[in-house]
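In what follows, a structure is listed as structure tokens, so that the remarks can point back to it.
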Amino acid sequence: MASPDPQRLSLNTATVRKQWNLAQAIEGCARHGIRGISPWRDQVKELGLNQAKKMIQNQGLAVTGLCRGGFFTAQHWLDDNRRAIEEAHELQAQCLVLVVGGLSEGSKDLPAARERVTDSISRLLPEARKARVPLAIEPLHPMQAADRACVNTLEQALDICESLGDGIGVAVDVYHVWWDPKLEAQIRRAGAGRILAYHISDWRVPTRDTLNDRAMMGDGVIDLRLIRSWVEAAGYAGFHEVEIFSELDWWKRDPDEVLRTCKERHLRSS
Ligand code: ZN
């Protein structure tokens, strides 16, 4: 299979968040010829929405997503998600990524949590459509079902999408879904219309931390070429967003080295 187009590489700023603020990440992308960026809202807030928008536009970067909305168990979820939609609109983000939240405090009722997610998104969706901000449900690995996201497979996410109609799709993050025996079929089911973002990293063996121990592409066990072939066969022609949370390794390195490695591994190993 051919190497991916280097122009399709995007940087999720979490990858260098311990080393760089958003302004530095934007400049870093420009310096390294990376054409897409996916910022986190706390970083946007720190830099200022207008300044973030201006800097991103000046460098001509595509905003491949805004991270993130969701957490529908949180107390002020509606106001917070409304703000997230406004910010995504201002930044012309290709989608607002939703990490949907887990169980309510003290609850063991997973089906109820999942129902609440669908209800919450159905309340939010009309506003997102009006702002022309597609919502991207990101299914997370089941080890995070309790505390971060009770939507854990692409199949679950697509069921929600289909029950709600237009303006909603999925973020396919290989780290969360690589193990799923239904992955190929569900990517095909999603098609280009529902795949709003494609996130890449790798699965380290052993995994030392359930949140912050992702590997660089090529350093783990995920067949990234195979999954990309499925995503492309489904018609997805968007960016490949590198998203690596790595307390013990990549967050400790020189961020320019991290970006150089992302570019090289994107070509060679994804
Ligand atoms: Zn992701």
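Here the structure is a predicted model, which means the values were calculated and not measured. Counting convention: from 1, in listed order, for ligands and their atoms alike.
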Under 3.5 Å donor-acceptor, Asp202 side chain and Ile222 backbone: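 Such a contact is found between Asp202 side chain and Ile222 backbone.
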
Residues, nucleotides or ligands: over 12 heavy atoms within 6.0 Å of Glu257 CD: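 More than 12 heavy atoms, drawn from other residues, nucleotides or ligands, come within 6.0 Å of this atom.
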
Would you give me the side-chain donor-acceptor pairs under 3.5 Å for residues 49-62, sequence neighbours excluded?
from, atom 1, to, atom 2, distance (Å)
Lys53, NZ, Glu90, OE1, 3.0
Asn58, ND2, Lys54, O, 3.4

Under-4.0 Å salt bridge between Arg260 and Asp256: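 So Arg260 does not pair with Asp256 through a salt bridge.
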
Arg17 versus Asn12, side-chain donor and acceptor atoms under 3.5 Å: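 No, no side-chain donor-acceptor pair sits under 3.5 Å.
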
Pair Gln43, Thr13: side-chain N/O donor-acceptor within cut-off below 3.5 Å: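 Yes, Thr13 and Gln43 have a side-chain donor paired with an acceptor closer than 3.5 Å.
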
Under-2.8 Å neighbours of the Zn ion (ligand 1), protein N/O/S atoms only: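 Counting protein N, O and S atoms closer than 2.8 Å to the Zn ion (ligand 1) gives 4.
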
